[in-house]
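Reading through the structure tokens given below for one structure.
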Amino acid sequence: MPSVSNRPRTQFATLSRILHWLMAAMLLSMLFIGAAMVSSLSAYHRLLAIHRPLGIAILVLAVARALNRQLTELPPFPVSMSSLERRIASVSEKLLYTLMFALPLVGWSMLSAGGYPVVMCGAFHLPPILPPSPLMYTVLREAHTVLAYTLFVTFLGHLSAILFHTFIVRDGILRRMLWRR
Amino acid sequence: MSIGSNSIASRSAPLSASSRTARLGLIALILGAVVAAFAFAGGLLRPEALTPSKMIDAFERANGEHAGFRRNHAKGVGISGYFESNGKGAALSKAFVFRVGRYPVIGRFAIAGGKPAGTDTPSSVRSMALLIKLPNGEEWRTGMNDIPVFGVSTPQAFYEQLLASAPDPKTGKPDPAKVSAFLSKFPSAAKASQLIRSEPKAPSFETDTFNSLNSFRFTNDAGAVQAVRWSMVPSKVPSNTPSAAPAGPNYSFDALIGAVHLQPVEWHLDIVLAQPGDPLDDATVPWPADRPRVDVGTLRIDHVESEDTSSARDINFDPLVLPDGIGPSDDPLLSARSAAYSESFTRREGEHKTPSAVSTTSGVQ
């Protein structure tokens, strides 16, 4: 792994890159597990058993990532990005961070409001964070779906921008998040 | 902005028009593949796949739509009491519920079927659903029926049975031709149906035996796994069993309410141990009658309450909410029950509630 140099960054810090790719894989898996789970009778239980602890792991990592984001220096945007593009990138980054927190928290609240035990693994489970409430359950269950679709669409936007910069603009923007220089 | 190094700042040579088009096409392809994969995962590209939503739609078609009620076992009452474990189950499972002690229970007695104001009949399938609260915060939820085996072995068979038994718009009754076509397509369902009809039926909730039907796996402290089914067996079968002659549309609930008001009603939880070769993935097949049974404790129901006020109304008695030490078998009905119950729960929790038929006609507060 590259060591930190004194020159201005051209890449994200190593921990930032690790967190980015780890969480990218986790979040994308969660979206697919969630979509498959609610539409499958046979796989529902097995997928739900993964969905809950994976969601809480994402919440924990989101905290670590937000702290890391505050504490590390970022590489500058490439000069090829217009100010509008930079603004869109900043807003979508904030949106992605918000969703990384919101989706697991809404999921946890939703299970609490529905009166379900929040089972993680074996006998380990989390306490409820809301009292049982049919109304809250209904609202949060719907919100969980809406937020998940929002995450998927935001991810598509993020992916489109990277693909466009990589294949059309060819400004090497992806290298900021890779290990190869 | 100053850039310390290399290629990030450098612009590449312009792309030819054809190369640009090809690259845009590649991008569109990648994005399209991601969207298609997501749609596939969500079942959008598999219209023939049986989903929880389709299953619950089938219940609504078969029974009519009854906002606020469970889509199956719609007519019921809330109960509460406790389960007193005698400790004998601890050798079989490390689940907290089998340690000696008393654990509070919330539950529900109901009649199978999706009509919340249906009429009780002597042949109605009765059910007992329980939520046992454990001191470490875990829960054991179980839904049991008073039939010896389940009517079908797969979710697909269950779905086709619902479709076959939906009332014909002309007669208002199931089409016998469809029912017999279903039974010949699913021989295990035909066999199960015979077995269910041949079993003598208890006259009332309080004298009834309730069976898990599906198989589960117990794991004990040493890690040993034992496949099981279980039954709630009534402690006392009254010598003068009440007449099964229906006296009103809610007669079986009225009798239950009367019995619990008189004195607490008890059941024993019998764990039935599978032997090698016993089917674990087919709830239509009974296990031989000589399988060892372990009485692990007593369920005591001392309170019965209308669903209008009971917290049982807003509990999903998902049979896969299990404490550590009890796990599912390979029975495909288990995950399907869990998924369909969840869909039914989500729909009814968002609907306006109307009073339960049992409370209005029996006057139970």
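In what follows, chains carry the letters A, B, and so on, assigned in the order in which the sequence lines appear, proteins first and then strands, with residues in each chain numbered from 1.
- Neither the backbone nor the side chain of A:Pro132 comes within less than 4.5 Å of any heavy atom of chain B.
- At distances below 3.5 Å, at least one donor-acceptor pair connects side-chain atoms of A:His125 with backbone N or O atoms of B:Asn136.
- Counting heavy-atom pairs under 4.5 Å between each of B:Leu44, B:Leu334, B:Leu322, B:Asn316 and chain A puts B:Asn316 at the top.
- Checking side-chain atoms of A:Arg46 against main-chain N and O of B:Ser335 turns up no donor-acceptor pair under 3.5 Å.
- For B:Arg348, no part lies near chain A; criterion is any non-hydrogen pair under 4.5 Å.
- Contact detail for B:Glu138 and A:Ala123: the closest heavy-atom pair is OE2-CA, 3.4 Å.
- For the pair B:Thr51 (side chain) and A:Val38 (backbone), a donor-acceptor distance under 3.5 Å is absent.
- A distance of 5.0 Å separates CG of A:Leu163 from CD1 of B:Ile30, quoted to the nearest 0.5 Å.
- Both the backbone and the side chain of A:Phe167 come within less than 4.5 Å of a heavy atom in chain B.
- Listed options B:Pro52, B:Ala336, B:Pro332 were ranked by heavy-atom pairs under 4.5 angstrom with chain A; first place goes to B:Pro52.
- With a 4.5 Å cut-off on non-hydrogen atoms, B:Leu131 does not touch chain A at all.
- Proximity to chain A (any heavy atom under 4.5 Å) is restricted, for B:Pro328, to the side chain, taken from C-beta onward.
- Residue contact with chain B, scored on non-hydrogen atoms closer than 4.5 Å, involves the backbone and the side chain of A:Ser160 alike.
- Contact count against chain A (heavy-atom pairs under 4.5 Å) is highest for B:Gly137 among B:Gly137, B:Gly350, B:Gly327, B:Pro155.
- Ring-plane geometry between A:Phe152 and B:Phe38 is classed as parallel, the angle between the planes falling under 30 degrees on a 0 to 90 degree scale with a further cut at 60.
- We find the OG-CG distance between A:Ser39 and B:Leu50 to be 11.0 Å, quoted to the nearest 0.5 Å.
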- Task: Might you work through the side chain to side chain contact (heavy atoms under 4.5 Å, CB included) test for B:Leu15 and A:Arg170, ending with a clear yes or no?
- Result: CA-CA 10 Å; B:Leu15 289 168; A:Arg170 290 164 297 149; 3.2 Å; yes
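- Contact annotation: the side chain of B:Arg141 approaches that of A:Pro117 to within less than 4.5 Å [non-hydrogen atoms, C-beta and beyond].
- Interatomic distance, B:Arg347 CZ to A:Thr138 OG1, rounded to the nearest 0.5 Å: 13.0 Å.
- For the pair B:Ala339 and A:Ser40, the tightest heavy-atom approach, listed with the atom from each and the gap, is CB-O, 3.9 Å.
- Counting heavy atoms from C-beta outward, B:Arg23 and A:Phe164 have side chains that stay 4.5 Å or more apart.
- Within a 6.0 Å radius of OH in A:Tyr149, other residues, nucleotides and ligands contribute 12 heavy atoms or fewer.
- When heavy atoms are compared at a cutoff of 4.5 Å, A:Phe155 approaches chain B solely by way of its side chain, counted from C-beta outward.
- Atom CZ of A:Phe32 has more than 12 neighbouring heavy atoms from other residues, nucleotides or ligands inside a 6.0 Å radius.
- For B:Val34, the parts lying near chain A are the backbone and the side chain together; criterion is any non-hydrogen pair under 4.5 Å.
- Looking at every heavy atom in both residues, A:Leu41 comes nearest to B:Ala340 through CD2-N, 4.4 Å.
- Most heavy-atom pairs under 4.5 Å with chain B: of the set A:Leu31, A:Leu28, A:Ile33, A:Leu135, this distinction falls to A:Leu31.
- At least one side-chain heavy atom of B:Phe345 sits less than 4.5 Å from a side-chain heavy atom of A:Tyr116.
- Other residues, nucleotides and ligands contribute over 12 non-hydrogen atoms within 6.0 Å of the CD atom of B:Glu351.
- In this structure, no portion of B:Ala95 lies under 4.5 Å from any heavy atom of chain A.
- Here CE of A:Met37 is found 9.5 Å from OG of B:Ser338. Values are rounded to the nearest 0.5 Å.
- Within the 4.5 Å cutoff, no side-chain heavy atoms of A:Tyr44 are placed close to those of B:Leu320.
- The parts of B:Thr346 that come within reach of chain A are both its backbone and its side chain, each placing non-hydrogen atoms under 4.5 angstrom from that chain.
- In this structure, the side chains of B:Ile27 and A:Ile168 come closer than 4.5 Å at one or more pairs of heavy atoms.
- With a threshold of 4.5 angstrom between heavy atoms, A:Ala49 does not approach chain B through any atom at all.
- Counting heavy-atom neighbours within 6.0 Å of B:Lys54 NZ, excluding the residue itself, gives a total above 12.
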